[in-house]
Amino acid sequence: MEINKVFNEKLEAWVIDIIGELDIYTSPKFKEILLEALDEKMSNIIINGESLSYIDSTGLGALISVLKKVKEYEKTITIKNIKPNIKKLFDLTSLDKVFILEGCD
Amino acid sequence: MIDKGENNIDYIKLSIPNKAEYVSVVRLTTSAIASRMGFDIEEIEDIKVSIAEACTSTLENSLDNQNIDIEFGVFEDKLVISVKGTGGVRDIDNTKELKLDDIGQGGLGIFIINSLMDEVETINNGEEGTEIRMTKYIKDDIV
């Protein structure tokens, strides 16, 4: 797993590129990086999921705990361009209604 | 353990250390077995996600120095996978709608397995630990 994070001044959001797999091995690191970013600057988060190949319940769990954090400050998490196999898990768990999903129909 | 009473069944066994980095090995192995059996891409993905969730759940509950045993029963019409560990497994009632507050307490993985596999059983073997056994049937193309 590889993560690139950039604060986009124009969008006023953290733009996170995630490459590879988000599972029990990589999720704790992913969560840590996102929480660090929020500590630095509390803002909306945009996750580019184009290169995310796999997610499991621990990855979804990491996203949920970060969402709980941003919601305290009335911020949002947008997840863009995830693959159909990953979208299926969001649908299955009703998390498609909790996160803002874009470009993944 | 998967019932060995029937003939013409191939068994494959895998035993992994109780470490997160080995779950991807199980995922890849499972993917290869399911692919060889003729499951389609979406079914392979379902099986792959389910086995990973079973391992993750077992791993989180098992003792550090114990291995997790995975057994594949390759039947003519189905794949049966058993995951055994030393710890307990949370059971979840799939008839209830999943609430955000329930998530993150270990129940999400079992919920996903129940949704993606045809049959799921959690068997409590007392002190020996818990087993998750799941089955996926090969669909007949001729309707």
Side-chain angles (χ1 to χ4, degrees), chain A residues 1-2 18-35 49 51-72 74-77 79 82-101 104-105, chain B residues 16-28 30-31 34 39-62 68 83 85 89-90 92 94 96-117 132:
Chain A
M1 181 197 62
E2 199 184 309
I18 171 152
I19 302 134
E21 299 175 337
L22 210 46
D23 70 356
I24 186 174
Y25 185 51
T26 54
S27 292
K29 186 76 195 161
F30 172 71
K31 184 175 157 185
E32 192 187 309
I33 290 170
L34 260 61
L35 292 178
S51 303
L52 178 64
S53 57
Y54 178 86
I55 196 164
D56 73 359
S57 61
T58 62
L60 295 172
L63 283 168
I64 291 163
S65 62
V66 176
L67 180 69
K68 282 179 178 166
K69 178 98 180 163
V70 297
K71 271 194 163 178
E72 289 172 25
E74 292 178 2
K75 303 292 181 192
T76 59
I77 298 181
I79 303 168
I82 46 171
K83 292 185 167 70
N85 60 320
I86 292 166
K87 173 70 167 37
K88 185 177 176 178
L89 287 179
F90 277 89
D91 294 345
L92 208 62
T93 51
S94 307
L95 290 173
D96 57 330
K97 296 178 188 75
V98 177
F99 294 97
I100 303 164
L101 299 186
C104 35
D105 294 318
Chain B
I16 60 159
N18 192 1
K19 291 178 184 167
E21 56 263 49
Y22 289 102
V23 174
S24 64
V25 175
V26 180
R27 232 165 38 220
L28 285 172
T30 306
S31 179
F39 284 103
D40 70 30
I41 291 170
E42 195 175 346
E43 290 165 336
I44 293 169
E45 193 65 36
D46 290 350
I47 298 166
K48 207 171 87 176
V49 169
S50 301
I51 181 75
E53 293 298 348
C55 289
T56 298
S57 175
T58 306
L59 220 124
E60 283 171 343
N61 291 307
S62 290
I68 291 169
V83 179
V89 176
R90 252 180 71 108
I92 191 164
N94 246 44
K96 281 193 281 187
E97 202 186 322
L98 204 63
K99 298 260 163 45
L100 191 60
D101 288 341
D102 299 338
I103 301 170
Q105 296 166 13
L108 188 57
I110 303 294
F111 176 86
I112 292 172
I113 301 171
N114 276 325
S115 308
L116 297 178
M117 298 297 275
I132 304 175

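Atoms considered below: every heavy atom in the structure, side chains included; atoms not considered: hydrogens, waters and symmetry mates. Below, chains carry the letters A, B, ... as their sequence lines are ordered, and counting in each starts from 1.
- Both the backbone and the side chain of B/Val49 come within less than 4.5 Å of a heavy atom of chain A.
- Contacts with chain A were tallied for B/Thr56, B/Val23, B/Ile41; B/Thr56 has the most, counting heavy-atom pairs under 4.5 Å.
- The distance from atom CD1 of A/Ile82 to atom OG of A/Ser53, rounded to the nearest 0.5 Å, is 12.5 Å.
- Both the backbone and the side chain of B/Glu21 come within contact range of chain A, judged by heavy atoms closer than 4.5 Å.
- Listed options A/Leu89, A/Thr58, A/Thr26 were ranked by heavy-atom pairs under 4.5 angstrom with chain B; first place goes to A/Leu89.
- Neither the backbone nor the side chain of B/Lys19 has a heavy atom closer than 4.5 Å to any heavy atom of chain A.
- Taking each heavy atom of A/Ile86 and A/Tyr54 in turn, the nearest pair found is CD1-N, 3.8 Å.
- Here the side chain of A/Ser51 pairs no donor or acceptor atom with the backbone of A/Ile19 at under 3.5 angstrom.
- Side-chain contact between B/Glu53 and A/Asp56 is present, with heavy atoms from C-beta onward closer than 4.5 Å.
- A distance of 4.0 Å separates CD1 in B/Ile132 from CD1 in B/Ile110, rounded to the nearest 0.5 Å.
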